[in-house]
Amino acid sequence: MVSTGPPAYAWDWFARQRLLWREARSRIAASPSPAAARYAVLDTRSEVVPLLRSDYRTDAVVRSAVDEVVGEIAFLGRTDRTFKDLGARNAPRGMCWWWTALTGEELTRPSPTAVPPAEADQLRLDEVFGGYGG
């Protein structure tokens, strides 16, 4: 794992996955770590996710719980395969970040498709602003 932790977009993706953050909280709360008491009293995403984000870099129990939950639930425990084998088409970049962090597999994002040239019958922007046809 990168010592600075996941970027904001990876945490945003994680925060939108209710099963992930709730399970991570449950595992930490049930652990014998000092963090257990803090997590046991939390219930909402707005309480749990910021604490996970702040503890992730410094607390090995939190980091391990988050990583395990992402691997087991989001990736169905199939981190021993390639990302393509998961069949996740158009995966969000936050999900891709977690995959790369957990497996080390660098994912290549498809290059954006070229913008097609303007058609002859398509209005140009200056024509729209100038009141074309009027």
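Not measured: the values here are computed from a predicted model.
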* Between V66 and L52, does a side-chain contact (heavy atoms from CB on, under 4.5 Å) hold up when you go through it step by step? -> CA-CA 8 Å; V66 170; L52 288 172; 3.9 Å; yes

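- In this structure, R93 forms a cation-pi arrangement with Y9, its terminal cationic atom sitting closer than 6.0 Å to the ring centre and no more than 45° off the ring axis.
- Taking 4.5 Å as the limit, every side-chain heavy atom of L51 sits out of range of all side-chain heavy atoms of E47.
- Take D59 and apply the salt bridge (charged side-chain N to carboxylate O under 4.0 Å, His left out) test, not counting sequence neighbours, and it matches no residue.
- Nearest approach of V69 to L20, heavy atoms of both residues: CG1-O, 3.4 Å.
- Taken from OG1 in T58 to CZ in R63, the straight-line distance is 7.5 Å, to the nearest 0.5 Å.
- For R38, the CZ atom is densely surrounded, since the number of other residues' heavy atoms within 6.0 Å is greater than 12.
- Taking both residues in full, the closest heavy atoms of A29 and A36 are given as O-CB, 3.5 Å, listed atom of the first, atom of the second, then distance.
- Inspection of the D85 and T82 side chains reveals an N or O donor paired with an N or O acceptor under 3.5 Å.
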* Asked: What do the steps show when you test R27 against E72 for salt bridge (Lys or Arg N to Asp or Glu O under 4.0 Å), and what is the final call?
  -> CA-CA 13 Å; R27 289 184 188 192; E72 292 171 17; 2.6 Å; yes

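- Both L86 and W13 belong to a common hydrophobic cluster when Ile, Leu, Val, Met, Phe, Trp and Tyr are linked at side-chain heavy-atom distances under 4.5 angstrom.
- Interatomic distance, E23 CD to I28 CD1, rounded to the nearest 0.5 Å: 10.0 Å.
- Summarising the geometry of V48 relative to R25, their closest heavy-atom pair is CG2-CD, 3.6 Å, with the distance given to 0.1 Å.
- Residues that satisfy the ring-ring contact (aromatic ring centres under 6.0 Å, His included) test with F14, not counting sequence neighbours, are W11, W98.
- Among all heavy-atom pairs drawn from M95 and A88, the shortest one is CE-CB, 4.5 Å.
- Of all non-hydrogen atoms in C96 and L107, the two that sit nearest each other are CB-CD1, 3.7 Å.
- Of all non-hydrogen atoms in T79 and T103, the two that sit nearest each other are O-CG2, 3.6 Å.
- With values rounded to the nearest 0.5 angstrom, L42 atom CG is found 11.0 Å from S26 atom OG.
- Side-chain atoms of E105 come within 3.5 Å of backbone atoms of F83 as a donor-acceptor pair (strictly under, hydrogens ignored).
- With sequence neighbours left out, W21 forms a ring-ring contact (aromatic ring centres under 6.0 Å, His included) with no residue at all.
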* salt bridge (Lys or Arg N to Asp or Glu O under 4.0 Å) between R22 and D43, intermediate numbers included -> CA-CA 8 Å; R22 288 187 64 90; D43 192 45; 3.5 Å; yes

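- Y39 and V41 fall within the same hydrophobic cluster, where Ile, Leu, Val, Met, Phe, Trp and Tyr residues are linked whenever their side-chain heavy atoms come under 4.5 Å apart, directly or through other members.
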